[in-house]
There are 2 protein chains.
Amino acid sequence: MGDDRLFALQRRERVMDELRRHGAVRVRDLARILEVSELTVRRDIAALAARGLLTRVHGGATLPTELDPATPAVPSRRPRTAATAFTIGMVVPSLDFYWPPIVSGARASAAALGVHIQLRGSSYDQAEDRRQISRLIAAQQVQGLLLAPNLEGEGADELIDWIGNLPVPTILVERQTPDWTPTPRQLEWVRSDHALGLETAVRHLHEHGHRRMGLVLSKGSPTSAHLSVGWQRACADLGLPAEFVVRESVALDVPGHREIISRILERCRHHRTTALIVHSDPDAISIAQYLAEQGLSIPGDIAMVSYDDEVAQLAEPAMTAVRPSKSRVGRVAVEMMVARLVEGKRRPPQRVLILPELVIRNSSVNSTGQLWSAATGDAAPYT
Amino acid sequence: MGDDRLFALQRRERVMDELRRHGAVRVRDLARILEVSELTVRRDIAALAARGLLTRVHGGATLPTELDPATPAVPSRRPRTAATAFTIGMVVPSLDFYWPPIVSGARASAAALGVHIQLRGSSYDQAEDRRQISRLIAAQQVQGLLLAPNLEGEGADELIDWIGNLPVPTILVERQTPDWTPTPRQLEWVRSDHALGLETAVRHLHEHGHRRMGLVLSKGSPTSAHLSVGWQRACADLGLPAEFVVRESVALDVPGHREIISRILERCRHHRTTALIVHSDPDAISIAQYLAEQGLSIPGDIAMVSYDDEVAQLAEPAMTAVRPSKSRVGRVAVEMMVARLVEGKRRPPQRVLILPELVIRNSSVNSTGQLWSAATGDAAPYT
DNA sequence: AACCAAACGTTCAACTTCGAACACAGGGAG
DNA sequence: CTCCCTGTGTTCGAAGTTGAACGTTTGGTT
């Protein structure tokens, strides 16, 4: 095709381009610029308007607007279900550990917004992640994907690239990409700010006089990396030694957990450590139980803060814990996806951090302090 | 006849905008501002009133009210979630530079959600920030605050602490605190990811073969710090020299801008620089103009990318630009605040990054590339 | 209560834009 | 090669938009 005329589709793309640049376009101007008749331009505009990409006005078109007289004045009752009832695919690495609150938050939000969720469990394995995602795509049933693939190890970059080129929009959940991704659009994500959560714990203990702390991390959890970052940052800021880190699971069901805990306490004595931050409630409870057996008091001899707050309140004494709001992560993920599906490419990519809360109970400050803290808790700035 | 008159729909948007800004409008004033007859304004107002977007009154119109005699007593009106009609205070450092799109995004979102916005202009000065914020608090009229204080220089930490202890919830807009803040709750914020935006520009130029680039930053803009971060990061990742950075404003209204530009081009020649990224469209346009005068072609001799995309499309050639969606920042800020006000303390703090888009025009790749880009644009993952 | 100026609505006219009908060109399938 | 479909252009009556003129209503003032 030797002539420089554009294909219809290209021309419409240019119309949208002009529109985005100027906010409004005039049929007459477009006809001149594109070197086609005004009627053709009108037909283009009509086609684009039919897809809701712009709003027709007498003489041209503007960016889509609520004032569009073509859309019914009062959508009145249900702006919800009318929205073509989206189905969102969700692939999480585990269905019985860490993820249930996230999934349930997502489900609740989906129900409220009138969309469906197709859930797939994967393992913490990239090949399995891909298989599950491919199946969802192949079924042609989902308009968007919430993913939590394994991004550690070798194939991470390639996997990110693959995800970014899937034919439906994707949002990563509890995962973070490098800032810049080589994908057509920058990937979106929503995750808990675990680093900040851990920092909050360290500073809480620091405020109550502790100067030597230890950190016990669950082995093999993707959360550990973030916790480690927060630990380093907090210790650096506060001028604390950051070397006391143990990477061992010590929950009651781990064989040999008593020996590991015993070694940890050995280190505590040696370093004069007065506080421990423990990832995962079961591990914290296990340590608390061992301490009790040894006749050591919490928080008198050792203060403890647990990270996760699933069952921390069941410990004896009730355990101060950092609580990342997992259900909120699921909820925000669904809300973001619905917004993306409704608004399409007009919506710029977003990335959201959900900040964990510190729930102060009795394992970190003695109960008089607890009372005080509860009192001021109620007097917090707003309700 | 370059008809610069607005379309009817745009005019009506302006009417709604004025209305949101002032709470009420007069037919006479609108006719003068919009440069149409009063009759036309009346017709617009009548049309908007018919959709329930405003209430007609003798002489003009006001925001919709239940007292509107035109509306029947049937409560089948819009989704007036405003059972409690929140008022949100907003303090921005400037009312005529950078901030108007953010404010207007916030206003539109507020109107959609049925809340009011009280706007205060400050300067880029902490004392003035405090005064404006204090006034809003003292008036007892606002239930929440969107703030963009100056957090550079001495008193930043103290100011953050002060803000965190205000008696109403606050959200920072286009500002970021240190990760951890010593406030009762961690501060929330929403901001453009300018660093990522700049990184996108660098990588775009890198993809098209440029290996030596320069960065021109507006002097004294709070955005510059972020841009500098993105520049360092991108150059480090790509293995490019990162030393060519100029911190001078070179817009046409800066005295001596020609000398500065001339020195910049001198450096370009010396370093064999083939691409420039320029913060702020006016500065980029100014440089483009100078290049044209010198007989240098864009992008042939020097490729250019502008940062901000306010007027980049008006340059000759139309300028490739990074566009941070400012209106979206305002919109998300209001949505976050309303969510916070509705949900109270149950809602964990959130922090949101809005990612800028790269708008590829003709100053960075030659126009054959444009055709290609338009064609593949249609094949984008989703619509 | 009477009055007046401003605001409003109706009607008509000038002008612009829209779209239906028909004609024509070009590429792909049979 | 022909047929057919899609996309495009021209013409012309229909429909939409705006503003001037003028009579009517409204809100406030004397």
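Here is the naming used below: chain letters follow the sequence lines, and residue numbers restart at 1 for every chain.
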Task: base_contact_polar (dG7(D) base, R11(A) side chain, donor-acceptor, <3.5 Å) - done: no
Open item on the list: Is there, by distance only and without an angle test, a donor paired with an acceptor across the side chain of R43(B) and the base of dG9(C) below 3.5 Å?
Closed with: no
Are any of the side-chain heavy atoms of [X] and [Y] separated by less than 4.5 Å?
X       : Y       : answer
M90(B)  : I102(B) : yes
D309(B) : R361(B) : yes
V173(B) : W99(B)  : yes
E310(B) : P101(B) : yes
L54(A)  : I45(A)  : yes

Integer-rounded Å distance: [N] [atom2] and [X] [atom1]:
X      : N       : atom1 : atom2 : result
D44(A) : dT8(D)  : CG    : C1'   : 10 Å
R56(A) : dA15(D) : CZ    : P     : 16 Å
L9(B)  : dG16(D) : CG    : C1'   : 14 Å
E35(B) : dT18(D) : CD    : C1'   : 15 Å
L39(A) : dG7(D)  : CG    : P     : 13 Å
F7(B)  : dG16(D) : CZ    : P     : 17 Å

Grab the N/O contacts between the protein and nucleotides 1-7 of chain C below 3.5 Å, and write none if there aren't any.
from   : atom 1 : to     : atom 2 : distance (Å)
dA7(C) : OP1    : R28(B) : NH2    : 2.8
dA7(C) : O4'    : H58(B) : NE2    : 3.4
dA7(C) : O3'    : G59(B) : N      : 3.0

- [ ] Could you grab the distance from atom CD1 of I117(B) to atom OG of S109(B), nearest 0.5 Å is fine?
- [x] 7.5 Å
Task: Relative orientation of the end axes in the helix from dA1(C)-dT30(D) to dG30(C)-dC1(D), expressed as an angle to the nearest 10° (five pairs per end) - done: 30°
Task: T87(B) and Q143(B): side chain donor to acceptor below 3.5 Å - done: no
Open item on the list: Just by distance, no angles: are the side chains of T320(B) and H204(B) close enough, under 3.5 Å, to form a donor-acceptor pair?
Closed with: no
Task: Residues which pass side chain to side chain contact (heavy atoms under 4.5 Å, CB included) with V311(B), listed by chain and number, not counting sequence neighbours - done: D281(B), I285(B), L314(B)
Task: Phosphate-side-chain proximity, T40(A) and dG7(D), N/O vs OP1/OP2 below 4.0 Å - done: no
